[in-house]
Number of protein chains: 2
Amino acid sequence: MTLAETLADLRHQTVAGRHAETGLWVSGVLRERIAAGQLPPGTKLSEEPLCEALGVSRNTLREAFSTLSAERIVTRIPNRGVFVARPTADDIREIYRVRRYLEPAALAYTLTDEVAGPILDRLRQAVEQARAARAAGSIPGMAGANQEFHAGIVALTGSERLNRLMAQVLAEMRLVFRSMDEDEHFHAPYVDDNARVVELLGAGRQSDAAALLTAYLRRAEAQLLSALAEPGR
Amino acid sequence: MTLAETLADLRHQTVAGRHAETGLWVSGVLRERIAAGQLPPGTKLSEEPLCEALGVSRNTLREAFSTLSAERIVTRIPNRGVFVARPTADDIREIYRVRRYLEPAALAYTLTDEVAGPILDRLRQAVEQARAARAAGSIPGMAGANQEFHAGIVALTGSERLNRLMAQVLAEMRLVFRSMDEDEHFHAPYVDDNARVVELLGAGRQSDAAALLTAYLRRAEAQLLSALAEPGR
DNA sequence: TCTTTCAGATTGTTGAACAATCCGTCGAAG
DNA sequence: CTTCGACGGATTGTTCAACAATCTGAAAGA
């Protein structure tokens, strides 16, 4: 069975018989593959081979490209094609600019009410998971738990749009880590910072938590930017 | 000359000869028409008539639909079609949730540096424009100036993504006003509030400005929600 | 009155075709 | 030897026509 048939088959298992979801399915598959690192930053996504591999038409594939392009997971260059996004230094600055507004605001402006309760648990769980991953030496585990933590912070807002924006930003962060294999010792120091943030938040010291997080984000940004400037790239 | 020919002609004047921009052009035209109120909320956008009117193929039109749907200007119901969005009460709550996080954060967390200078002018100009519109009794003028003011606030962040998010939210706000013709006396009271916000911001009292804006946004939300609950709808 | 069925209309998806653009190669001029 | 421009192949952008899937509304039946 060829790759094309395998994927087309997968599709029939996944969305068998359903109408009006092919484009979504395609964008979902590509998102996964990119997040998993199977399609590294810079990879060209040629239309014809991909169509055959996925078992869909060019039109449908292009619809998926539109979606991913809007999410910045993929870069479309007119008349040249689409490529898996390779974040630049400016992209990193933009990502952290967004995070520096969104995350502290989520901490500071959210009243500790019925919404915050379940999410506090979610945050504590993410911290626990990160600690376990650190103990096990699992870098992907730490990265995942860290993303879950920051997604949880924005979830405090209860806003669907802000959550979606944060999800996109975190997806772009994954591309940053794949662009430079600077995953090694990046996450470890922040596990304890995350724990401290939850602690402060649980104690009702919201503005302290926000301040800590702001400093934290500035440090992380600087670290990534200097890593990007290194000989590695 | 039929409507179809008129629009197709307009297209040739606008993007004559250019490749790879038809989809953008279509989404732009629809965005305009919707913002201008020529296509009121709830209007069904049938594919075939629109294709003919715009002089593009169904595929291209559907690409534009994807864009507008992602921006929430249009609602796509699978196998039923796309409609000009008609914001619900929950949508209004979501809009103001986003604004209550974004706008105060933009005021509070932005240092008064070289970025803030030009934008302060922009804000003052918007206030001036709103006053002129109020004096002239122009409701669209006040609405426009008000939108420009709030867009300017988020522009303080210097973030492209936050600016885009705010632009989408403001576009949805226009749909809210068109859903219920509650434009009458809505904007007038806020002109002076806007002026006060700029004043506080110029004096370096950022957190006071943010607090004022927060209260302001809560009031506006409540006003719109109660207007929506009235017999008018 | 309520359900069921059935056509007609509309959307979802495909495949093929053509136009526009880009890329690399080749040849000519300097 | 280098630089520049023309040419051809490959890829993307867009259109068109067809068919499959789904919805809508009205007629037929219980």
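Computed from heavy atoms alone, side chains included, the values below leave out hydrogens, waters and symmetry copies. Chain A is the first sequence line, chain B the second, and so forth, proteins listed ahead of strands; every chain is numbered from 1. What you see is a predicted model, and the numbers here were worked out from it, not measured in a lab.
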Spacing of B:Trp25 atom CH2 relative to D:dG13 atom P, expressed in whole Å: 19 Å
Whole-Å distance separating the CZ atom of A:Phe65 from the P atom of D:dT11: 14 Å
Electrostatic pair B:Arg97-B:Glu221, nearest N-O below 4.0 angstrom: no
Closest to side chain of B:Asn79, choosing from D:dT22, C:dC23, C:dT13: D:dT22
Selection from D:dG13, D:dA17, D:dT14 that lies nearest to any side-chain heavy atom of A:Arg76: D:dG13
Donor-acceptor pair (no angle test) under 3.5 Å: A:Arg58 side chain, D:dG13 base: yes
Any A:Thr22 side-chain N or O less than 4.0 Å from OP1/OP2 of C:dT13: yes
Salt-bridge present (A:Glu172, B:Arg161; N to O < 4.0 Å): yes
d(CG, A:Leu54; P, C:dT13) in whole Å: 14 Å
B:Ser46 side-chain proximity, nearest of C:dT11, C:dG15, D:dT24: C:dT11
Parallel, tilted or perpendicular, as decided by the 30° and 60° cut-offs, for the rings of A:His150 and A:Tyr216: perpendicular
Atom-to-atom span, CG of A:Asn59 to C1' of C:dT11 - whole angstrom: 14 Å
5' priority, DNA chain C, between A:Ser57 and B:Glu47 [closest heavy atom]: B:Glu47
Gap between atoms NZ and P, on B:Lys44 and C:dT10 respectively (whole Å): 7 Å
Atom CD of A:Glu48 with >12 non-hydrogen neighbours under 6.0 angstrom: no
Whole-Å gap separating P (C:dT11) and CD (A:Glu21): 18 Å
Presence of salt bridge, B:Glu160 and A:Arg72, under 4.0 angstrom: yes
A:Glu48 CD to D:dT11 P, straight-line distance once rounded to whole Å: 7 Å
Phosphate OP1/OP2 of D:dG13: any B:Thr60 side-chain N/O under 4.0 Å: no
Whole-Å gap separating C1' (D:dT12) and CG (A:Leu45): 14 Å
Short side-chain N/O contact from B:Arg62 to OP1 or OP2 of C:dT11, under 4.0 Å: no
